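Since we're looking at a predicted model, the values are computed, not measured. Count residues from 1 along the sequence.
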Amino acid sequence: MELILNGVTKTYGAKQALQGITLRLGPGIVGLLGPNGAGKSTLMRLLATIEKPTEGSILWDGADIAKHPNRLREVLGYLPQQFGVYPNMTPVEFLEYIAAMKGLSRKSAKRRIQELLEMLNLGADSKRLLGGFSGGMKQRVGIAQSLLNDPSLLIVDEPTVGLDPEERIRFRNILSMLASNRIVILSTHIVTDIETVAPQIAVMLKGKLVRYAEPEEWLQIV
Ligand code: ADP
Ligand code: ADP
């Protein structure tokens with residue numbers, strides 16, 4: 001599995017949200033760090049194939065995703081910023097609903113949902129209504145929906161906003177575990193979110209990739 005961004009630019013009218021981003025990623029976690037307005041969410045939306053680059057290309061295992069969006073969609077998991085759950089559903093009902101929307105078969109979805117709820121420590125709460133869940137628990141349901149198709153590329157956008165410290169740590173541990181056999185892109189403006197989990201970081205500023213660093217290097221930057 002390999003994700004390549006080649007001179008990716010995105011403009012909205014006169015606004016340049018991304019300017020010539022070039023990056024090559026393999027399995028593991030990469031932290032995408034930058035202040036608000038840096039272009040992180042725009043980049044996430046391009047990777048989620050919700051939008052297309054104005055210039056440049058994004059390649060998944062060699063295929064240009066502007067021409068072959070399904071190649072990436074099939075292997076993509078996405079946890080958007082401020083992901084909402086339906087308060088009147090149980091986690092099982094909610095995940096079955098998302099699985100149906102994604103076109104997964106009912107039978108394999110059921111099995112996968114049980115697996116995910118166990119893995120994410122939600123098994124005991126699987127029959128409670130989501131409206132009564134804490135922020136951290138809801139976020140674990142959010143990560144569960146992103147994992148329904150066992151994605152090779154997992155994109156999580158500002159996942160720890162509003163979580164208490166204990167849930168933050170728990171969430172980071174989950175991401176570390178998930179990164180053993182997939183590419184995980186973790187977008188955040190909070191340095192402590194990634195310092196313990198991301199072996200590489202990409203630092204963005206005003207639509208540009210200003211630094212890409214390996215672990216030993218990056219603590220000196222931030
Ligand atoms: P971040 O996620 O790092 O906060 P964004 O990707 O949301 O940054 O935004 C990058 C820049 O692009 C900002 O200046 C933002 O106002 C602008 N932008 C993002 N999306 C749009 C859009 N749909 N239309 C116009 N400008 C946008
Ligand atoms: P493949 O099966 O060869 O990987 P896809 O199934 O990903 O290709 O896409 C088939 C065709 O449908 C593509 O060539 C593309 O032009 C078009 N297509 C599908 N979704 C989109 C989209 N969101 N934007 C633009 N073109 C799309």
Side-chain angles (χ1 to χ4, degrees), residues 29 31-33 35-37 40-45 47-51 73-179 182 184-194 196-198:
I29 304 189
L32 193 57
L33 185 69
N36 286 330
K40 303 184 298 297
S41 296
T42 302
L43 186 57
M44 307 279 100
R45 290 196 301 273
L47 293 175
T49 72
I50 295 164
E51 294 178 25
R73 276 177 202 157
E74 280 160 11
V75 298
L76 178 77
Y78 183 38
L79 178 57
Q81 210 171 333
Q82 292 166 341
F83 181 76
V85 295
Y86 290 108
N88 294 325
M89 286 184 178
T90 67
V92 172
E93 287 164 350
F94 180 71
L95 292 169
E96 282 178 351
Y97 162 73
I98 302 274
M101 283 204 307
K102 289 185 175 177
L104 303 178
S105 89
R106 230 180 121 73
K107 205 171 151 206
S108 66
K110 264 196 148 62
R111 197 172 29 201
R112 179 74 181 146
I113 288 166
Q114 285 314 318
E115 244 173 55
L116 287 171
L117 290 175
E118 290 307 317
M119 184 183 92
L120 297 167
N121 245 317
L122 290 166
D125 302 293
S126 64
K127 299 211 164 59
R128 290 176 50 203
L129 292 181
L130 291 166
F133 277 32
S134 70
M137 289 165 79
K138 284 181 193 160
Q139 205 52 338
R140 277 183 272 144
V141 174
I143 203 82
Q145 67 73 36
S146 75
L147 294 172
L148 282 167
N149 60 340
D150 196 13
S152 300
L153 175 64
L154 177 63
I155 298 176
V156 285
D157 196 357
E158 300 271 7
T160 63
V161 170
L163 299 192
D164 64 38
E166 195 185 322
E167 276 286 2
R168 262 173 204 226
I169 292 167
R170 194 200 280 257
F171 202 83
R172 284 181 218 150
N173 291 339
I174 291 169
L175 291 182
S176 297
M177 173 182 75
L178 294 173
R182 38 174 80 79
V184 178
I185 301 180
L186 167 61
S187 151
T188 185
H189 66 281
I190 305 168
V191 174
T192 50
D193 264 359
I194 56 176
T196 50
V197 291

Return yes if some donor-acceptor pair links the side-chain N/O of R170 with the main-chain N/O of L120 below 3.5 Å, else return no. no
Could you pull out all residues at least two apart from T90 that satisfy side-chain hydrogen bond (donor to acceptor under 3.5 Å, both in side chains)? none
Min side-chain heavy-atom separation S146-F83 under 4.5 Å: no
Which heavy atom in S126 sits nearest to a heavy atom in P91, and how many Å separate them? O-CD, 3.4 Å
E167 and M137: side-chain contact (heavy atoms from CB on, under 4.5 Å), yes or no, with the steps? CA-CA 8 Å; E167 276 286 2; M137 289 165 79; 4.3 Å; yes
So, does K40 use its side chain to make a donor-acceptor pair with the main chain of P35 at under 3.5 Å? yes
Going from CG on L43 to CG on D157, what distance comes out if it is rounded to the nearest 0.5 angstrom? 9.5 Å
Looking at E115, is its backbone amide N or carbonyl O close enough to the side chain of E118 to form a donor-acceptor pair, meaning the two atoms are under 3.5 Å apart? no
side-chain contact (heavy atoms from CB on, under 4.5 Å), that's the test. Do M44 and I50 meet it? Break it down for me. CA-CA 9 Å; M44 307 279 100; I50 295 164; over 6 Å; no
Measure across T49 and R73 and return the closest heavy-atom pair with its distance rounded to 0.1 Å. OG1-NE, 2.7 Å
May I have the step-by-step check of side-chain contact (heavy atoms from CB on, under 4.5 Å) for M119 and L178, ending in yes or no? CA-CA 11 Å; M119 184 183 92; L178 294 173; 3.8 Å; yes
Taking side chain as C-beta onward, heavy atoms only, is R182 less than 4.5 Å from L147? yes
Please report the closest heavy-atom contact between A109 and L104, naming both atoms and the distance. CB-CB, 4.5 Å
Does R172 reach the main-chain N or O of V197 with its side chain, forming a donor-acceptor pair under 3.5 Å? no
Rounded to the nearest 0.5 angstrom, the CG-CD distance for L79 and E158 is 11.0 Å
Return the CD to OH distance between E93 and Y86, rounded to the nearest 0.5 Å. 13.0 Å
Heavy-atom distance under 4.5 Å between the side chains of I185 and V156, does that happen here? no
To the nearest 0.5 Å, tell me how far L122 CG sits from Q114 CD. 11.0 Å
Report yes if some heavy atom in the side chain of I143 is under 4.5 Å from a heavy atom in the side chain of L175; otherwise report no. yes
For Q139 and P159, indicate whether the former's side chain and the latter's backbone hold a donor-acceptor pair under 3.5 Å. yes
Distance (rounded to the nearest 0.5 Å) between T160 OG1 and I169 CD1: 11.0 Å
Nearest 0.5 angstrom please: L76 CG to I155 CD1, how far? 5.0 Å
Is the shortest heavy-atom distance from the side chain of V161 to the side chain of Q81 under 4.5 Å? no
Stepwise side-chain contact (heavy atoms from CB on, under 4.5 Å) test for L116 and L95: CA-CA 10 Å; L116 287 171; L95 292 169; 5.6 Å; no
Would you mind reporting whether R45 and Y78 have side-chain heavy atoms less than 4.5 Å apart? yes
Please check if the side chain of N149 supplies one atom and the backbone of G77 the other of a donor-acceptor pair under 3.5 Å. no
